[in-house]
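In listed order, ligands and their atoms are each counted from 1.
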Amino acid sequence: MFTLISLPYSVDALEPVISARTLEFHHGKHLQGYVDNLNKLIAGTEFENMSLEEIVAKAPAGPIFNNAGQILNHNLYFTQFRPAVATVPAVPEPVEGPLLNQIATQWGTLAAFQKEFETKGATLFGSGWVWLQADANGELSIAHYSGADNPVAHGLKPILTFDVWEHAYYLDYQNRRPAHLAALWDIVEWKVLEERYIGK
Ligand code: MN
């Protein structure tokens, strides 16, 4: 049985980047729906006692993969943010770490990385996710995948993801997906990304 994760911040903490109304629907309705669906789909199957990562790696394309993937993706998404309060710098803190060092090595500047990430998210046709992912050697790449697909299904480690399904931004940004993606940097918690990169 999978359960809905708790948000590590209050429902209005990400305003104005993500409104409380969007967060209530996105977490409380959309993600809850995927959790309920998956629990029904895996009852009595070989997937019943697997982790989300195992299900995503082993399930064929179809409803079980889609619902498990969406739970995994949203769990990573919702736990990578921190409140956009005035006392926190709007630009990501220049914290030292292996991830930011690797980004500097591969992209030169954080801004160049962010631009490519936003473009990759803006150019995914339809619903899906844009990812920063790492291979076993720590080499980074940016990719977008449709639907519920994710780096885990491709043998890669997920580091950062922006949700480009319309339910993630439509109430706040309507059709302005690029504006939403650009705003998300204000709430990214880089310490979490560094921990994911080094495998904590
Ligand atoms: Mn979503």
Side-chain angles (χ1 to χ4, degrees), residues 2-42 51-53 55-57 59 61-84 114 117-133 142-154 156-189 192-193 196:
F2 292 98
T3 54
L4 181 68
I5 59 158
S6 300
L7 296 175
Y9 36 74
S10 65
V11 77
D12 61 355
L14 305 183
E15 292 190 343
V17 178
I18 299 174
S19 70
R21 185 167 157 78
T22 288
L23 208 46
E24 281 165 359
F25 274 97
H26 200 181
H27 174 259
K29 303 292 185 189
H30 290 280
L31 180 51
Q32 181 72 64
Y34 296 127
V35 170
D36 293 343
N37 287 341
L38 185 65
N39 284 331
K40 283 181 204 149
L41 288 164
I42 61 174
S51 67
L52 291 170
E53 288 82 359
I55 296 174
V56 165
I64 290 178
F65 176 88
N66 289 340
N67 284 280
Q70 283 295 76
I71 299 169
L72 179 60
N73 299 351
H74 284 96
N75 289 356
L76 290 163
Y77 175 79
F78 286 125
T79 56
Q80 71 190 1
F81 296 133
R82 52 108 170 109
Q114 289 172 317
F117 194 88
E118 288 172 36
T119 300
K120 206 77 172 176
T123 55
L124 175 66
F125 185 75
S127 298
W129 301 76
V130 55
W131 298 87
L132 176 64
Q133 56 191 11
I142 297 171
H144 58 209
Y145 298 117
S146 292
D149 198 7
N150 60 50
V152 176
H154 299 267
L156 297 166
K157 185 195 283 187
I159 308 294
L160 167 70
T161 189
F162 288 176
D163 188 344
V164 296
W165 286 61
E166 283 187 343
H167 68 225
Y169 60 86
Y170 207 82
L171 292 175
D172 300 331
Y173 297 82
Q174 294 77 49
N175 63 321
R176 295 178 295 117
R177 185 196 285 187
H180 171 66
L181 296 177
L184 284 173
W185 299 114
D186 287 355
I187 56 171
V188 167
E189 176 56 275
V192 171
L193 308 189
R196 288 177 183 172

Trainee: Please name all residues satisfying ring-ring contact (aromatic ring centres under 6.0 Å, His included) with Tyr169, sequence neighbours left out, ordered by chain then number.
Mentor: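 Checked Tyr169 against ring-ring contact (aromatic ring centres under 6.0 Å, His included); matches are His180.
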Trainee: Holding to ring-ring contact (aromatic ring centres under 6.0 Å, His included), I want the full list of residues that pass it with Phe81, two or more places apart in sequence or in another chain.
Mentor: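 Per chain and number, Phe81 pairs via ring-ring contact (aromatic ring centres under 6.0 Å, His included) with Tyr77.
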Trainee: For Ile5, is there any backbone N or O sitting under 3.5 Å from a side-chain donor or acceptor partner on His27?
Mentor: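 Yes, the answer is positive, given that a donor and an acceptor are paired below the 3.5 Å cut-off.
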Trainee: Could you tell me if Asp36 and Gln32 have a donor-acceptor pair between their side chains, going purely by distance under 3.5 Å?
Mentor: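 On atom types as modelled, these side chains qualify, holding a pair under 3.5 Å.
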Trainee: Which heavy atom in Ser19 sits nearest to a heavy atom in Asp172, and how many Å separate them?
Mentor: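 That closest heavy-atom pairing would be OG-OD1, 2.7 Å.
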Trainee: Counting only protein atoms, how many N/O/S atoms are less than 2.8 Å away from the Mn ion (ligand 1)?
Mentor: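 Protein N, O or S neighbours of the Mn ion (ligand 1) under 2.8 Å, waters not counted, come to 4.
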Trainee: Please enumerate all residues that pass ring-ring contact (aromatic ring centres under 6.0 Å, His included) together with His167, with sequence neighbours excluded.
Mentor: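 For His167, the residues satisfying ring-ring contact (aromatic ring centres under 6.0 Å, His included) (neighbours in sequence not counted) are His26, His30, His74, Trp165.
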